[in-house]
Amino acid sequence: MSLSLGILVAAVAGNFNRDFDVTWGDGRAKILNNGGLLTLSLDKASGSGFQSKNEYLFGKIDMQIKLVAGNSAGTVTAYYLSSQGATHDEIDFEFLGNLSGDPYILHTNVFSQGKGNREQQFYLWFDPTADFHTYSILWNPQRIIFSVDGTPIREFKNLESRGVSFPKNQPMRIYSSLWNADDWATRGGLVKTDWSHAPFTASYRNFNANACVVSSGSNSCSTARTATSANNNNNNKAWLSQELDSTSLERMRWVQKKYMIYNYCADAKRFPQGLPTECTI
């Protein structure tokens, strides 16, 4: 098998001009500060979005985001990894806007082979509009870990041996968009977007990716260890086998106990035939 994957070495900060393409919004997405800052905006006519130039198959992806301030009810800021097609894989952060003074809801989901329905939702323990905070996805062959400012909030393990599909074959791009979803985003759609507050703006900086970059259409990361070994930076190896240690597990349980507001694995009414397999292992 030929070596068809490279490693994007992310000891250096990403640059939005170099690493991303603005994909929609008719000028509402702006890359500023020589590529160091990207802003998305939403008004009544349109939202906006961007995507990574590279496709990745496993990696640790970090992005600092400052969310829409004030009355953001009805808006959604989505930041996620996704492949394409009907059987796509996806790893989601979605930030559901709020009325002033109410907390944002952080919505997470994992799709594999086109199947999602694995939602967990959290309140954040800080104001995500006052400053930038780091939202991270660690995706390796064994697990997916969602983290906020280095604190893990969710883990989705590879349980293929038990019949649970896991995203591992389809390379994914990074996407982000700011859009109007007032039919469902805030209190189930009861609270609509107040356009007198438009334009709504979210800001991004300090993108970082230690990841397998698919460079010739390969859908396998089996050579990643070889590719990584060619790089002498040990930090670029760690994520491929990283797991939660006892301290990280304790922190994740603390977040879930204190701030989780929805867990599909606890929603028996939604699954009358029985909870999904990964919930009962």
Side-chain angles (χ1 to χ4, degrees), residues 1-14 19 52 54-63 79-83 89-93 108-113 118 120 134-174 206-256 277-279 281:
M1 179 177 177
S2 63
L3 184 64
S4 56
L5 297 171
I7 294 295
L8 177 64
V9 182
V12 295
D19 299 324
S52 63
N54 286 319
E55 289 185 295
Y56 306 95
L57 190 61
F58 303 128
K60 184 176 185 297
I61 312 290
D62 306 316
M63 183 79 80
Y79 165 61
Y80 58 102
L81 291 168
S82 184
S83 62
D89 296 336
E90 190 168 309
I91 305 170
D92 287 341
F93 278 112
T108 66
N109 203 354
V110 175
F111 285 76
S112 182
Q113 294 296 308
R118 299 184 176 113
Q120 290 184 356
T134 303
Y135 302 93
S136 304
I137 294 168
L138 172 74
W139 171 36
N140 66 29
Q142 299 83 37
R143 59 187 46 81
I144 295 164
I145 300 170
F146 297 78
S147 298
V148 178
D149 289 336
T151 296
I153 64 170
R154 176 179 185 176
E155 179 180 30
F156 184 80
K157 292 184 178 179
N158 184 342
L159 297 171
E160 282 188 316
S161 62
R162 306 293 290 271
V164 180
S165 64
F166 184 83
K168 73 178 198 323
N169 294 320
Q170 301 187 75
M172 298 197 253
R173 293 187 194 275
I174 303 163
N206 290 352
F207 163 70
N208 206 51
N210 283 322
C212 302
V213 177
V214 175
S215 56
S216 63
S218 169
N219 65 349
S220 169
C221 204
S222 61
T223 54
R225 294 175 191 279
T226 306
T228 310
S229 297
N231 188 311
N232 293 322
N233 186 339
N234 287 330
N235 290 331
N236 291 325
K237 301 177 186 180
W239 59 268
L240 257 177
S241 58
Q242 188 173 334
E243 58 187 353
L244 294 175
D245 60 19
S246 57
T247 302
S248 297
L249 274 170
E250 192 175 318
R251 292 170 76 194
M252 184 174 74
R253 291 185 185 122
W254 172 80
V255 170
Q256 293 183 349
T277 304
E278 67 269 19
C279 299
I281 294 175

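- In this structure the side chain of Trp139 never reaches within 4.5 angstrom of the side chain of Val110, judged on heavy atoms.
- Put simply, the side chain of Arg143 does not reach to within 4.5 Å of the side chain of Gln242, judged on heavy atoms.
- The minimum heavy-atom distance linking Phe146 with Asp92 is given by the pair CE2-O, 3.2 Å.
- Within the model, atoms CD of Glu278 and CG of Leu159 stand 7.0 Å from one another, a figure rounded to the nearest 0.5 Å.
- Rounded to the nearest 0.5 Å, atoms CZ (Phe93) and CD1 (Ile153) are 5.0 Å apart.
- Exactly one residue among Gln120, Arg154, Arg118 makes a side chain to side chain donor-acceptor pair (under 3.5 Å) with Thr108. That residue is Arg154.
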Audit row: Ser147, Ser136, side chain to side chain donor-acceptor pair (under 3.5 Å) steps and yes/no: CA-CA 5 Å; Ser147 298; Ser136 304; 5.6 Å; no
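- Nearest heavy-atom pair, Pro141 versus Leu240, reported as atom, atom and distance to 0.1 Å: CD-O, 3.7 Å.
- With values rounded to the nearest 0.5 angstrom, Ile91 atom CD1 is found 5.5 Å from Ile137 atom CD1.
- Taking CZ of Phe58 as the start and CG of Leu138 as the end, the distance is 11.0 Å to the nearest 0.5 Å.
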Worked verdict on Glu155 versus Met252 for side-chain contact (heavy atoms from CB on, under 4.5 Å): CA-CA 9 Å; Glu155 179 180 30; Met252 184 174 74; 4.1 Å; yes
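- A 4.5 Å side-chain heavy-atom check between Tyr56 and Met172 finds every atom pair outside the cut-off.
- For the atom pair CG (Asn206) and CG (Asp62), the distance works out to 9.5 Å, reported to the nearest 0.5 Å.
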